[in-house]
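Step one of this worksheet: look at the structure below.
Numbers for residues simply follow the sequence, beginning at 1. Computed from a prediction, not measured in an experiment: that's the story for all the values here.
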Amino acid sequence: MAEIRTVLFDLGGVLTCDPWQAILLTPRLGVADRLGLDHASVEIVGEQLWAHYSLVPDEEQQYWSDFRRETGREVPAGLVREAELETLHANPAARQAVQLVGQGGARWGFISDNTAFWFRKQMNLLGLGGRRAELDFLSFNEGASKAGTSPSLFEIAAARVTPGRTLVIDDQPLNVTRAHGLGFQAAVYSMAGNSGTGLLECVRQYLEG
């Protein structure tokens, strides 16, 4: 196994929870239940909006305007803020994982299908103390997703790093398969099924190879 010189973290599901699912669909606390909306219908709307907003650097105000149009329900800003405060959270091991990469002499960054506005919230959740990623591959900046047609987000990343010496950590097995197909070293890790300690073990395993 080649020495790892770069680690690219997915955000939603790895370093933080998945924002739109948490904000919209968390039982009792999410927007759907706060407005008395059917979860299945809200999930469909969320998927539709994600398909657009994850590929363009639009603002959150427009997102909620489109949500209102699709659901027929006004969404007060205060209600959204309350839902965020009660549903969004970071992996407790996220900062330590980033520090571990730096201590090992490798670069770190993100490879994430994301929106411009939720990315900013996730950065606040992580509380990295002003530390900035050395590499960012973000769908809303690149206009490309991990599953997209050529160039995909993974293909864009592969042109800027050395895939064989780059570790991708993602919560979706299909994305790990895509990364492997382009020569990346890649591992599945999900907050939903593992502890924060599991993330550290995953990083150590590859850095110490």
Tell me the ring pair (Phe, Tyr, Trp, His ring centres under 6.0 Å) pairs involving residues 168-188, sequence neighbours left out?
-> none
Closest non-hydrogen atom pair, [X] against [Y]:
X	Y	answer
Arg95	Gly127	CD-O, 3.0 Å
Leu207	Ala106	CD2-CB, 4.4 Å
Asn114	Phe119	OD1-N, 3.5 Å
Gly148	Ser152	O-CB, 3.5 Å
Ala32	Val42	CB-CG2, 3.9 Å
Ala133	Gly109	CB-CA, 3.8 Å

Ignoring hydrogens and angles, write down the donor-acceptor pairs under 3.5 Å from the side chains of residues 14-23, residues two or more places apart or on other chains.
residue: Thr16; atom: OG1; partner: Gln122; partner atom: NE2; Å: 2.8

Pair Arg69-Glu74, salt bridge (charged side-chain N to carboxylate O under 4.0 Å, His left out): steps then yes or no | CA-CA 9 Å; Arg69 185 192 67 238; Glu74 187 71 40; over 6 Å; no
Could you grab the distance from atom [atom1] of [X] to atom [atom2] of [Y], nearest 0.5 Å is fine?
X	Y	atom1	atom2	answer
Glu70	Leu49	CD	CG	6.5 Å
Leu126	Leu11	CG	CG	6.5 Å
Leu100	Leu199	CG	CG	9.0 Å
Gln96	Gln103	CD	CD	8.5 Å
Ser65	Asp58	OG	CG	11.0 Å
Ile169	Ile111	CD1	CD1	12.0 Å

Below 4.0 angstrom, N of the basic side chain to O of the carboxylate: do Arg28 and Glu86 qualify?
->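 Judged by the 4.0 Å cut-off on N to carboxylate O distance, Arg28 and Glu86 do not form a salt bridge.
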Does the distance from a Lys or Arg side-chain N to an Asp or Glu carboxylate O, for Arg178 and Asp170, drop under 4.0 Å?
->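 Here Arg178 does not pair with Asp170 in a salt bridge, since their nearest N and O are not under 4.0 Å apart.
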Do Tyr53 and Tyr63 have their ring centres less than 6.0 Å from each other?
-> yes
Can you sort out the partners of Phe67 under ring-ring contact (aromatic ring centres under 6.0 Å, His included), two or more places apart, ordered by chain and number?
->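 Scan of Phe67 (ring-ring contact (aromatic ring centres under 6.0 Å, His included), adjacent residues dropped) gives Trp64.
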Residues two or more places apart in sequence or in another chain: which of them pass ring-ring contact (aromatic ring centres under 6.0 Å, His included) with Phe137?
->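 Partners of Phe137 under the ring-ring contact (aromatic ring centres under 6.0 Å, His included) test: none.
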Side-chain atoms of residues 161-168: list all donor-acceptor pairs with protein atoms under 3.5 Å, sequence neighbours left out, distances to 0.1 Å.
residue: Arg165; atom: NE; partner: Glu3; partner atom: O; Å: 3.2
residue: Arg165; atom: NH2; partner: Glu3; partner atom: OE1; Å: 3.2
residue: Thr166; atom: OG1; partner: Thr162; partner atom: O; Å: 2.8

With hydrophobic residues grouped by side-chain heavy-atom distances under 4.5 Å, do [X] and [Y] end up in a single group?
X	Y	value
Met191	Phe110	yes
Leu182	Tyr206	no
Ile4	Leu8	no
Leu138	Ile156	no
Leu55	Trp50	no

Could you give all pairs that pass the salt bridge (Lys or Arg N to Asp or Glu O under 4.0 Å) test and reach residues 112-128, with sequence neighbours left out?
-> Glu59-Arg120, Glu60-Lys121, Glu84-Lys121
Report yes if some heavy atom in the side chain of Lys146 is under 4.5 Å from a heavy atom in the side chain of Gln172; otherwise report no.
->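 No, every pair of side-chain atoms sits at 4.5 Å or beyond.
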Asp171 versus Val188: any side-chain heavy-atom pair under 4.5 Å?
->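 Not in contact.
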Chi angles and distances behind the side chain to side chain contact (heavy atoms under 4.5 Å, CB included) call for Phe9, Val101 = CA-CA 11 Å; Phe9 295 97; Val101 174; 3.9 Å; yes
What do the steps show when you test His52 against Asp66 for side chain to side chain donor-acceptor pair (under 3.5 Å), and what is the final call?
-> CA-CA 11 Å; His52 170 74; Asp66 288 347; 5.5 Å; no
